[in-house]
Amino acid sequence: MSIPIIDSHIHLWNEAEAPSHNWYASDSPLATRHSIAEYREATSSSASQLSGFIYIEADRKNDDSKDWSEPLNELAWMRRIIEGKPQEGEGHTADNAKLCLGIIPWAPIASGLPKLKEYIATVEEQAGEAAWAKVKGFRYLLQDKPNKTGLTEEFIDGLKLLGEKGWVFDAGVDQHRRGRVQLEELVEIIDRAHDGVEDEDKKVVFIINHLCKPDLTIISQTDPSFIAWRSAMFTLGKCRRTYMKLSGLFEEMSDSLKTQSAEQIFSAILPWLAVVIAAFGPERIMFGSNWPVCTVGVGEEAWKKWHKIVDMMCDMAGLSQEDQTMVWSGTAKKAYNLEG
């Protein structure tokens, strides 16, 4: 039986708007167009299984409380994809629209409730009916923000608003570059965002990106960074309404490791994968590719390679057909409240 796949984490952009991202460099392999045409080519080996994807905002330049122009330009791009109305040379067609199962735009969650409500009202106004229906939540990266950004009263109130409205929060933190403080703060953020919310269904859902970006340049289970990460995974695994994406690990590896075969990489990172399965269980972890970022230093076969690694993980864990379905698509459907 062929298990359907929902890719829970991809980014898309056209070449003209690539410079509007915070990560942009003219010599970056990501500086060119990465649209649905390129994504379909990257996923061609699993085309018959691919039900669709979740489009995650790609870190457009912004000034939290003042300048939202670039995130709103990205929203307009999302809208064209969903409505099947591409501009010339954008690399998507009307037929591709059905692949976009949900979108996670940026939102100024740290700017306080008045600004956040104003922004969300603007998103609803500018998205149009079809794209607004696809908004499943919002993201505000914490990985590059000062410590304690997510612990302010404004940020916690913003998260509570998302929960009240039924939207998820995609959480991006980075242990590799920022250390264990990002893990500790994420645990506190979840606790405080849920505290005092009596209705379980109104507690914001957290969908954690990329296993919190562990340091995979040091492949050692005795290294302090691994021990801190493992401890945090089991703590996060006990949090209510919290999910983890199996995504983004190529970017945390050494150049020498990421170029090895899927089998060699799987063997090296097995301790990390085993911890996530033990901490969250298949019903709370979901496949995500982080395409096209995953291709940097790996090549155009990156999606296929990551798919193979996750497939080997499912086999290693002895997951049942039902549990494998959760990893590949069921958890994403549940966490993002997708139709069907």
Side-chain angles (χ1 to χ4, degrees), residues 5 7-46 50 53-61 70 74 77 90-92 104 106 139 141-144 170-178 182 208-219 225 245-266 268-269 272-273 286-311 313:
I5 298 170
D7 190 339
S8 69
H9 200 104
I10 77 163
H11 309 288
L12 299 168
W13 53 82
N14 58 49
E15 188 165 1
E17 294 185 333
S20 67
H21 296 88
N22 280 314
W23 45 259
Y24 176 80
S26 59
D27 59 349
S28 168
L30 299 177
T32 58
R33 188 184 81 180
H34 287 80
S35 188
I36 293 182
E38 289 76 25
Y39 179 72
R40 291 190 70 193
E41 185 175 347
T43 59
S44 59
S45 60
S46 300
L50 187 64
F53 56 77
I54 307 294
Y55 179 154
I56 308 295
E57 66 88 20
D59 195 19
R60 297 270 184 132
K61 295 175 181 176
E70 287 303 341
E74 183 174 43
W77 159 245
E90 284 195 327
H92 61 99
I104 302 294
W106 173 88
R139 187 167 82 149
L141 287 171
L142 292 168
Q143 64 191 34
D144 57 350
D170 254 69
V173 299
D174 187 346
Q175 186 216 11
H176 187 169
R177 294 156 196 85
R178 297 290 300 281
Q182 289 243 309
I208 304 171
N209 300 176
H210 313 330
L211 280 71
C212 298
K213 295 193 171 186
D215 183 355
L216 296 177
T217 62
I218 303 172
I219 301 298
S225 68
K245 288 184 179 179
L246 283 169
S247 59
L249 292 193
F250 287 147
E251 299 85 307
E252 310 312 316
M253 298 176 190
S254 65
D255 291 342
S256 59
L257 178 57
K258 69 176 67 171
T259 57
Q260 293 183 28
S261 68
E263 289 81 3
Q264 290 169 313
I265 293 172
F266 173 73
I269 68 171
W272 284 262
L273 299 175
M286 66 187 85
F287 169 77
S289 68
N290 199 28
W291 189 90
V293 184
C294 64
T295 64
V296 177
V298 181
E300 295 307 313
E301 295 291 300
W303 194 96
K304 184 177 179 181
K305 183 185 279 191
W306 184 244
H307 175 276
K308 187 172 185 179
I309 289 167
V310 174
D311 197 33
M313 182 205 76

Rounded at 0.5 Å granularity, tell me how far [atom1] in [X] sits from [atom2] in [Y].
X	Y	atom1	atom2	answer
Ile56	Asn209	CD1	CG	6.5 Å
Lys245	Ile208	NZ	CD1	11.0 Å
Leu12	His34	CG	NE2	10.0 Å
Asp59	Trp23	CG	CH2	9.0 Å
Ser256	Gln264	OG	CD	10.5 Å
Arg177	Asp144	CZ	CG	11.0 Å

Would you please name every residue forming a salt bridge (Lys or Arg N to Asp or Glu O under 4.0 Å) with Asp27, sequence neighbours left out? none

Which residues satisfy the salt bridge (Lys or Arg N to Asp or Glu O under 4.0 Å) test with Asp311, sequence neighbours excluded?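 Salt bridge (Lys or Arg N to Asp or Glu O under 4.0 Å) list for Asp311, sorted by chain: empty.
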
When you measure from the side chain of [X] to the backbone of [Y], do you find a donor-acceptor pair of N or O atoms at a distance under 3.5 Å?
X	Y	result
Trp306	Leu249	no
Lys308	Glu263	no
Trp303	Arg40	no

Within a reach of under 6.0 Å around CD of Glu300, are more than 12 heavy atoms found that belong to other residues, nucleotides or ligands?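 It does not: Glu300 CD has 12 such atoms or fewer within range.
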
Can you confirm whether [X] sits close enough to [Y] that some side-chain heavy atom of one is under 4.5 Å from a side-chain heavy atom of the other?
X	Y	result
Leu246	Met313	yes
Ile219	Trp272	yes
Asn22	Leu141	no
Gln175	Gln182	no
Ile5	Ser46	yes
Ser35	Asn14	no
Asp170	His9	yes

Which residues share a side-chain contact (heavy atoms from CB on, under 4.5 Å) with Glu301, sequence neighbours left out: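 Applying side-chain contact (heavy atoms from CB on, under 4.5 Å) to Glu301 gives Lys304.
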
Should Met253 and Ile269 be marked as a side-chain contact (heavy atoms from CB on, under 4.5 Å) after you check the CA-CA gap, both sets of side-chain angles, and the distance that decides it? CA-CA 9 Å; Met253 298 176 190; Ile269 68 171; 4.1 Å; yes

Ignoring hydrogens, what is the shortest heavy-atom contact between [X] and [Y]? Give both atom names and the distance.
X	Y	result
Ala31	Glu15	O-CG, 3.8 Å
Ser8	Gly288	OG-CA, 3.6 Å
Arg139	Ile104	N-CG2, 3.6 Å
Ile265	Gln260	CD1-O, 3.5 Å
Ser254	Thr217	N-CG2, 3.9 Å
Cys294	Ala302	O-CB, 3.4 Å

Using side chain to side chain contact (heavy atoms under 4.5 Å, CB included) as the criterion, point out the one residue from Glu74, His21, His11 that pairs with Glu57. Glu74

Examine the side chains of Asn290 and Ser247 and answer whether a donor and an acceptor come within less than 3.5 Å of each other. no

Aromatic plane relationship, Trp77 with His92 - under 30° parallel, 30 to 60° tilted, over 60° perpendicular: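 Geometry flag for Trp77 against His92: perpendicular rings.
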
Determine the interplanar angle of the Trp291 and Tyr39 rings, folded into 0 to 90°, and report it as parallel if under 30°, tilted if 30 to 60°, perpendicular if over 60°. perpendicular

Ionic contact status for Glu17 with Arg60, cut-off 4.0 Å: yes

